[in-house]
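When reading the values below, keep in mind they use all heavy atoms of this one structure, side chains included, and skip hydrogens, waters and symmetry mates. Predicted, not measured: the structure shown is a model, and the values here were computed from it.
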Amino acid sequence: MERKEEGLKALGKKTAYATAYAPEVLEAFENRNQENDYWVRFNCPEFTSQCPITGQPDFAEIRISYIPDVRMVESKSLKLYLGSFRNHGAFHEDCVNTIMKDLIRLMDPKYIEVIGLFTPRGGISIYPYANYGRPGTKYEALAEQRFASHQ
């Protein structure tokens, strides 16, 4: 399916990789199935960022799941965005919350959750989880239920 009419810039072009945190590379397109509720899930098993204190690399699998409304994130732009964290100094929890907030600003989804499965440092793994459900809707209740039952 061709997406040229949607004004996407990264898809089908030579890839230019950001060397610093770059939320501006995120692109969205119109959801062609707005009448349906459905899940979209992305796994990024090779996410890297840097410890803001030591500058050492941190590695994680980032899992993003969302229920779209009008707009959806374009996957190549998401890949470039996640890659922009490579030289970005941020704690694990900050990475997960930043990713979620940037995607909310981009898409205004009905529901979204982001999980970071960070590899151990000093013998401890950190798995931050953040979620959001659109206020005043059944998705807000979904967010509360999924947050309360998250393990």
- Message: Could you report the tightest heavy-atom contact between I62 and G116, atom names first, then the distance?
- Response: CD1-CA, 3.8 Å

- Message: Determine whether R71 and D108 satisfy the following criterion, side-chain contact (heavy atoms from CB on, under 4.5 Å), listing intermediate values before the conclusion.
- Response: CA-CA 7 Å; R71 296 167 49 92; D108 188 24; over 6 Å; no

- Task: Measure the CG-CD distance between D102 and E24 for me, rounded to the nearest 0.5 Å.
- Result: 9.5 Å

- Note on the structure: Heavy-atom nearest pair, L78 first then L26, reads CA-CD2, 4.0 Å

- Note on the structure: residues 56-67 vs side-chain hydrogen bond (donor to acceptor under 3.5 Å, both in side chains), sequence neighbours excluded, gives Q56-R121, D58-R121, E61-R63

- Query: Is V25 reachable from I99 through a run of I, L, V, M, F, W or Y residues, each pair having side-chain heavy atoms under 4.5 Å apart?
  - Reply: yes

- Roughly how far apart are K110 NZ and E140 CD, rounded to 0.5 Å? 15.5 Å

- Residues in salt bridge (charged side-chain N to carboxylate O under 4.0 Å, His left out) contact with K79, at least two apart in sequence or another chain: none

- Linked, directly or transitively: I104 and Y129 (ILVMFWY side chains, under 4.5 Å): no

- Note on the structure: So CD1 of I67 and CG of N36: to nearest 0.5 Å the spacing works out to 12.0 Å

- Message: Whether the side chain of N31 engages the backbone of M72 through a donor-acceptor N/O pair (distance < 3.5 Å, no angle test) should be reported.
- Response: no

- Interatomic distance, OG1@T119 vs CD1@I124, rounded to 0.5 Å, equals 13.0 Å

- Any idea which heavy atoms bring S49 and A90 closest together, and the distance? OG-O, 4.3 Å

- Item | Connected via hydrophobic side-chain network under 4.5 Å: L142 and I64 | no

- Residues forming a ring pair (Phe, Tyr, Trp, His ring centres under 6.0 Å) with Y132, sequence neighbours excluded: none

- Message: Would you compute the distance between atom CG of L103 and atom CZ of F42 and round it to the nearest 0.5 angstrom?
- Response: 8.5 Å

- All heavy atoms of Y81 vs all of T98, minimum pair found to be OH-O, 3.6 Å

- Item | Taking every non-hydrogen atom, the tightest pair across S84 and A18 | CB-CB, 3.9 Å

- Item | Minimal non-hydrogen separation, I112 against M107, with atom names | CD1-CE, 4.2 Å

- Do F91 and I126 sit in the same hydrophobic cluster, where Ile, Leu, Val, Met, Phe, Trp and Tyr count as joined when their side-chain heavy atoms come under 4.5 Å apart? no

- To the nearest 0.5 Å, what is the distance between CD (Q50) and SG (C95)? 10.5 Å

- Any pair counted as ring pair (Phe, Tyr, Trp, His ring centres under 6.0 Å), so long as it reaches residues 108-128, sequence neighbours left out: W39-Y111, H92-F118

- Note on the structure: Sequence neighbours excluded, the answer for salt bridge (charged side-chain N to carboxylate O under 4.0 Å, His left out) partners of D69 is R134

- Item | Any donor-acceptor N/O pair, E74 side chain to K76 backbone, under 3.5 Å | yes

- Flag yes if F47 and I115 sit in one hydrophobic cluster, no otherwise; membership is Ile, Leu, Val, Met, Phe, Trp, Tyr, and two members link when side-chain heavy atoms are under 4.5 Å apart. no

- Item | Counterpart residues, ring pair (Phe, Tyr, Trp, His ring centres under 6.0 Å), relative to H88 (two or more places apart) | Y21, F85

